[in-house]
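In each ligand, atom 1 is the first atom listed, and ligand 1 is the first ligand listed.
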Amino acid sequence: MKRSRVILEATILAFLGALLPLFVTIYGAWSLSLKAEEDRLMNIATQAATRAERSFADAAATLRTLGGRRFISCGDAHIGEMRRLVINAGTVEEIGYIEDGVLKCTSWGKEGRSFKELAPDFLIGKDIKAWVDVVPLITGANPMSVVQVGPYNALVDPGRLIEVLAEQNAAITITAPNGVVNATLNAPDPDFTEKLGRETTKGTLGDNIYAVHSKSGWTAVAVSSTDGLFGLFTKEHWLFVAFGTFATAVIIGLVVRMSRKRLSPLGELAIAVRKREFIVHYQPIIELSTGVCVGAEALVRWQRPGGALVRPDLFIPLAEQSGLIRPITDQVIDAIGRDLGRLFSQHRSMHVSINFCADDFKTGRVLETVGQRLGDSGIANDQIWLEATERGLMDIDEARRTIAEARTRGYAVAIDDFGTGYSSLQYLQSLPLDALKIDKSFVDTINRQTATSAVIDHIIDMAKGLNLAIIAEGVETREQAEYLLAHGVEFCQGWFYSKPMPAEDFIEYVETSLQRLDSGVVMLSRASV
Ligand code: C2E
Ligand code: CA
Ligand code: CA
């Protein structure tokens with residue numbers, strides 16, 4: 001993945017990470033405030049509707065009790081009882097007694113005015129008649145509600161119903177069962193109240209928060225403005241904003257940390273493993289006496305998204321250190337199966353040499369992975385060579401066990417980069433190896449008359465003494481090839497013959513090499529393709 005893309009992604013993530021918690025907490029705090037205000041208004045509306053309904057019901061009950069008793073019509077006892085009831089009942093202002101269309105007396109004293117009874121505005125139950133917005137006959141005071149049961153009626157002051165709610169920061173409207181507004185408090189907007197209908201509900205409309213409560217036909221509406229809410233919100237919920245800011249800082253910190261990790265070499269390597277960016281090139285292994293290609297060493301390459309190839313010595317050490325070498329080795333083996341399965345099933349004498357890290361040999365995992373991944377590939381076990389460095393075989397007992405098991409299964413095992421480590425003849429003797437690869441640094445000394453020039457001869461002698469096949473690495477000149485052949489080395493690989501190449505090129509190289517063998521062109525010749 002490109003660095004610029006990682007940085008762009010991180011910037012976008014950090015930006016979103018910064019905004020999101022702030023937005024969420026502000027939104028959360030606002031919603032909570034809104035809900036709290038709706039609940040408060042619903043509480044007010046419920047109280048108002050309940051009080052309206054109760055005051056009418058109470059007045060009716062009082063009148064019914066009165067009607068059940070016998071008095072001398074408008075006598076002192078009669079009027080006295082009416083007065084007592086008015087004083088005791090909270091919302092009843094006056095009680096009147098009617099006989100034959102004449103208001104004969106009230107709780108205040110004798111009367112005698114006749115009046116015409118209008119049809120009631122609404123009925124409560126069967127026998128309770130009710131009127132709202134009536135100007136009292138006697139006092140001519142503010143409009144009142146009237147409840148009538150039998151010969152008695154009571155004046156109920158609607159203002160008294162809600163005056164206890166005057167302290168609340170809300171506009172209140174109470175509507176009677178016939179739809180007439182019975183009482184208001186704090187100047188509600190009648191158009192808005194009407195819009196809300198008469199179902200119990202709560203919510204927000206424009207700049208208003210409202211709650212409607214209906215009870216036995218009575219409806220109370222309580223309304224407040226969102227302006228007040230903002231003050232409440234900033235006062236009570238600054239904690240949410242503090243939390244949001246903290247969460248923002250944490251998220252930005254995490255994004256920065258994650259991006260740093262992704263931008264680190266190890267992070268990049270891990271992404272490459274996940275995206276399976278590893279491919280394999282093949283370097284032909286040549287039989288020196290004939291110049292014929294007898295196999296190949298599989299060499300891993302990291303192919304970056306732009307197509308550039310990264311050499312293994314730049315990432316294998318890090319992969320080994322971090323454990324990522326395991327999935328990389330798996331990808332290499334999978335590629336070998338795909339690339340060479342067909343070719344190798346046609347040419348059973350060819351082999352492929354695979355590099356394993358120290359850990360794979362120590363744990364024996366090498367056997368398991370090769371078995372699982374190349375079992376059905378068309379490549380036979382005896383066409384597979386396992387390469388281990390001296391370092392990989394350091395733990396001699398485990399190494400011996402793994403090598404023995406590998407050979408039982410038909411694989412050949414070669415020791416790689418021989419001579420660059422600390423291994424002794426004795427050490428080499430104790431391992432049941434098949435082949436030894438002479439490191440390029442020794443091949444480089446051929447015909448150079450350097451202090452170490454003689455070492456390669458010793459290595460060759462030692463390998464012969466142990467009956468190991470010898471492969472010389474890094475052969476770059478004809479002289480080196482001739483020298484090695486003259487000293488009994490059977491195989492080699494190196495730029496003199498071919499550099500490592502992609503699978504298609506290698507397959508073509510093999511076909512050409514075999515054709516040359518058929519036509520008799522052999523011996524140290526460069527197999528040009
Ligand atoms: P190696 O196993 O010693 O592989 C031989 C290296 O020598 C290869 O380098 C090859 O390209 C290079 N080479 C071959 N002939 C010549 C030549 O004539 N002249 C010169 N100058 N170089 C030559 P490469 O491909 O860069 O690999 C480097 C090392 O990375 C390998 O050394 C091996 O230790 C490791 N490696 C490669 N593939 C794998 C793998 O799949 N798994 C593991 N664990 N290690 C790998
Ligand atoms: Ca090797
Ligand atoms: Ca080597």
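Within the 4.0 Å heavy-atom criterion, the part of Glu473 lying near ligand 1 is the side chain and not the backbone. Heavy atoms of Asp417 found under 4.0 angstrom from ligand 1 belong exclusively to the side chain. Contact annotation for Val332 and ligand 1: only side-chain heavy atoms (C-beta onward) come within less than 4.0 Å of the ligand. Contact annotation for Glu297 and ligand 1: only side-chain heavy atoms (C-beta onward) come within less than 4.0 Å of the ligand. Here Gln283 has side-chain heavy atoms under 4.0 Å from ligand 1, and that is the only part of it that gets that close. Contacts of Val475 with ligand 1, taken as heavy-atom pairs under 4.0 Å, involve the backbone alone.
Judged by distance alone, the side chains of Ser224 and Glu37 do bring a donor and an acceptor atom under 3.5 Å apart. Between Thr248 and Thr245, the side chains place no donor N or O within less than 3.5 Å of an acceptor N or O (distance only, hydrogens not considered). Defined by atom type and a distance below 3.5 Å, a donor-acceptor pair is missing between the side-chain atoms of Glu277 and Gln303.
Across the listed options Ile336, Ile333, Asn355, Asn355 owns the non-hydrogen atom lying nearest to atom 40 (C) of ligand 1.
For atom 46 (C) of ligand 1, a protein heavy-atom neighbour is found at a distance under 4.0 Å. At a distance under 4.0 Å, a protein heavy atom can be found next to atom 37 (C) of ligand 1. Per-atom contact check: atom 7 (O) of ligand 1 does not touch the protein, criterion being a heavy-atom distance below 4.0 Å. The protein reaches atom 24 (P) of ligand 1 closely, with a heavy atom under 4.0 angstrom from it. Distances from atom 32 (O) of ligand 1 to the protein include no heavy-atom value under 4.0 Å.
Tyr282 is listed as a side-chain neighbour of Asp339, based on a closest heavy-atom distance under 4.5 Å. Under the 4.5 Å side-chain criterion, counting only non-hydrogen atoms from C-beta, Tyr509 is in contact with Met501.
The list of side chain to side chain donor-acceptor pair (under 3.5 Å) pairs with a residue in residues 13-23, not counting sequence neighbours, is empty.
Closest of all the heavy-atom pairs between Leu288 and Tyr497 is CD2-OH, 3.6 Å. Val310 and Phe315 make their closest contact through O-CE2, 3.5 Å (heavy atoms, listed as atom of the first residue, atom of the second, distance).
Classified by interplanar angle (parallel below 30°, tilted 30° to 60°, perpendicular above 60°), the ring pair Trp385/His351 is parallel.
A salt bridge links Glu268 with Arg304: at least one charged nitrogen is closer than 4.0 Å to a carboxylate oxygen. A salt bridge links Asp39 to Lys202: at least one charged side-chain nitrogen sits closer than 4.0 Å to a carboxylate oxygen.
Ligand 1 lies within reach of Asp313, whose nearest heavy atom is under 4.0 Å from it. At least one heavy atom of Arg301 sits closer than 4.0 Å to an atom of ligand 1.
Residue-to-ligand polar distances place Asp416 within reach of ligand 1: an N/O pair is separated by less than 3.5 Å.
Of all protein N/O/S atoms, those under 3.0 Å from the Ca ion (ligand 2) are Glu297 OE2, Asn355 OD1, Glu387 OE1, Asp416 OD2, and waters are not counted.
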